[in-house]
2 protein chains.
Amino acid sequence: MKALVVDDDLALADVVSFTLRRAGHEVIVANDGAMALERWKLEAPDFIILDLNLPKLNGLEVCQRIRVTSKTPILILSVRDEDDDVVAALHYGADDYMVKPFSPRQLVARVEAVLRRAGVEHRSPEQLTAGDLTLDCLRGEIIIGGEPLGRLTHLENQLLQTLMLNQNQTLPASTLIDHVWGPAGGDKAMLKQLMYRLRTKIGAASKNTRLETVPGVGYSLVTERKPPKR
Amino acid sequence: MKALVVDDDLALADVVSFTLRRAGHEVIVANDGAMALERWKLEAPDFIILDLNLPKLNGLEVCQRIRVTSKTPILILSVRDEDDDVVAALHYGADDYMVKPFSPRQLVARVEAVLRRAGVEHRSPEQLTAGDLTLDCLRGEIIIGGEPLGRLTHLENQLLQTLMLNQNQTLPASTLIDHVWGPAGGDKAMLKQLMYRLRTKIGAASKNTRLETVPGVGYSLVTERKPPKR
DNA sequence: TTTTTTTGTTACCGCTTTGTAACCAACCTG
DNA sequence: CAGGTTGGTTACAAAGCGGTAACAAAAAAA
């Protein structure tokens, strides 16, 4: 597994890196919050060990931004041991919180526990298909019946991904809002507008896939996959 | 969410229970390892708070047995603070490990982090059935004898769910009002109107299920589950 | 830095849902 | 028997919801 270790203390970053490499992980290091976000985007690590006290962008902010679009496991490793710190980090999406000085063995065990729970599902699939509709998740491009239809904006992409991953199921508005906007939060008016935009782009192009409203509940991506049997 | 709290220290089990209930969870308690397994099987909790030092069957053994067949999130709460203990528990499948004395706030935050990662959704029954009548609770759609009949409004859905969950029992008007309107409150005139609307939608479509008035008391969903014997 | 695109916010409109009041028949009580 | 209550039905106003559009602010791209 590929790890991103974020700490402005170079010596400690080395120790953590060594610990993780010994446990069989590949490690990339970032020494400040901005570099962390950059490396996260470019390297797509499987998990992140994140300090809180960072130059340029603190760890909590990093965590929050990552959580907007990603479920990559995040373990906080910090000198801060107050309840408020722990609770805040966990609230912003961290999966675990360890206080320095830390036990290398315990760090490895906790990494493994979180990865076990996370499974492989946190990785975004490269492509999703529903009926004759295909979404290139990375590029946000939609293809219908082999014909490229155009590109989605970031939020449109997240919404369609969520719907496609749960095709033929009704997703409550609250669930969609959580998945699209994450801890930053959104509201029903924003979802309504986004859904309108998504429908505008997809329109009636697909022959067997449509975006359905479930009044008072939410939305569903419906595919007529099974033609009536005769 | 339903929690199973396992601790032989009754006072501590009470504190943990209180903490979790305050956070909105339902709590069941077991005081030894054997009872824990029994309750886990019977109650199907959404997560488990597990002590290690338990009579009859220690916590590690409980964790191990549960993990053979289940992914139910498990948080260890123990006086043991040695690395070996933490690493072993995490290795045997625990999702998190906290040492006593514990911070209630941090316990709640860690429970939430683990549940979030586990993707445990608040569960409500997806479908309810009474006789030949089926209700999709999320979509509010009614199906009779396999034929979709239509969609209920939110309040109609709540009313029918309450009646179906208590089929063949008389529910007083006050109970129905509480369940349908909750803290917002309702009154008998509103219930009367709502029942009329529900009857209008369900009508006489069902062959073995009907909405019955109990004068001066309330209503009941009656199913003739046992066909007359011939 | 400027331009373009994306996103958030507000408004409008039509349709649906819900609350409220009224009417009527049936039943019960004094 | 008259009056009051209850339950079913109807009608309409008020509230809410979902689709669509416009514009300002923020973000991204050139």
Side-chain angles (χ1 to χ4, degrees), chain A residues 34 37-38 41-42 57 61 64-65 68-69 138-142 150-163 170-174 176-177 179-204 210-222, chain B residues 138-142 150-161 163 170-174 176-177 179-204 210-222:
Chain A
L37 282 180
E38 195 183 324
K41 280 177 189 159
L42 286 179
L57 206 60
E61 186 77 26
Q64 193 171 8
R65 291 200 185 178
V68 169
T69 59
L138 194 62
R139 302 169 66 93
E141 286 178 348
I142 44 178
R151 180 170 279 172
L152 301 179
T153 67
H154 171 67
L155 289 183
E156 290 161 0
N157 190 5
Q158 295 308 122
L159 179 58
L160 187 55
Q161 280 185 41
T162 305
L163 289 164
T170 298
L171 292 177
S174 58
L176 290 167
I177 288 163
H179 281 231
V180 172
W181 284 277
D187 60 38
K188 288 190 180 177
M190 290 157 73
L191 178 61
K192 181 168 69 165
Q193 168 76 348
L194 185 62
M195 176 55 75
Y196 172 74
R197 288 184 172 139
L198 188 57
R199 277 175 166 145
T200 299
K201 289 192 177 177
I202 296 191
R210 59 191 161 84
L211 293 165
E212 175 189 278
T213 302
V214 182
V217 179
Y219 298 99
S220 171
L221 181 85
V222 180
Chain B
L138 183 59
R139 300 172 64 93
E141 287 177 348
I142 45 178
R151 181 171 277 160
L152 301 180
T153 66
H154 173 67
L155 290 182
E156 290 161 3
N157 191 3
Q158 297 305 121
L159 179 58
L160 187 56
Q161 281 185 41
L163 289 163
T170 297
L171 291 178
S174 58
L176 290 167
I177 288 162
H179 282 233
V180 172
W181 283 278
D187 60 40
K188 288 189 179 177
M190 290 158 71
L191 179 61
K192 180 168 71 167
Q193 166 77 348
L194 185 63
M195 178 56 76
Y196 171 75
R197 287 183 174 138
L198 187 57
R199 279 176 166 144
T200 300
K201 288 193 177 175
I202 296 190
R210 59 189 160 85
L211 293 165
E212 180 186 277
T213 303
V214 182
V217 179
Y219 298 100
S220 171
L221 181 85
V222 180

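In what follows, chains are A, B, ... by sequence order, proteins preceding strands, each numbered from 1. Since the model is a prediction, treat every value here as computed from it, not as a measurement.
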For [X], report the nucleic acid contact type (base, sugar-phosphate, nothing); a contact means any heavy atom under 4.0 Å.
| X | result |
| --- | --- |
| Gln193(A) | base |
| Gly216(A) | sugar-phosphate |
| Leu155(B) | sugar-phosphate |

For this session: Return the angle between end axes of the helix from dT1(C)-dA30(D) to dG30(C)-dC1(D), with five pairs used per end and rounding to 10°.
Result: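 Answer for the end axes of this duplex: 30°.
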What nucleotide among [options] has an atom nearest to a side-chain atom of [X]?
| X | options | result |
| --- | --- | --- |
| Tyr196(B) | dG18(D), dT10(D), dG8(D) | dT10(D) |
| Met190(A) | dG19(D), dT18(C), dT9(C) | dT9(C) |
| Lys192(B) | dG19(D), dA22(C), dT18(C) | dA22(C) |

[X] [atom1] to [N] [atom2]: how many Å, rounded?
| X | N | atom1 | atom2 | value |
| --- | --- | --- | --- | --- |
| Asn157(A) | dT7(C) | CG | P | 10 Å |
| Leu194(B) | dT10(D) | CG | C1' | 16 Å |
| Trp181(B) | dT17(C) | CH2 | P | 15 Å |
| Lys188(A) | dG18(D) | NZ | P | 7 Å |

Problem set entry | Side-chain donor/acceptor contact of Arg197(A) with base of dG8(C) under 3.5 Å |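 Result: at least one qualifying N/O pair found.
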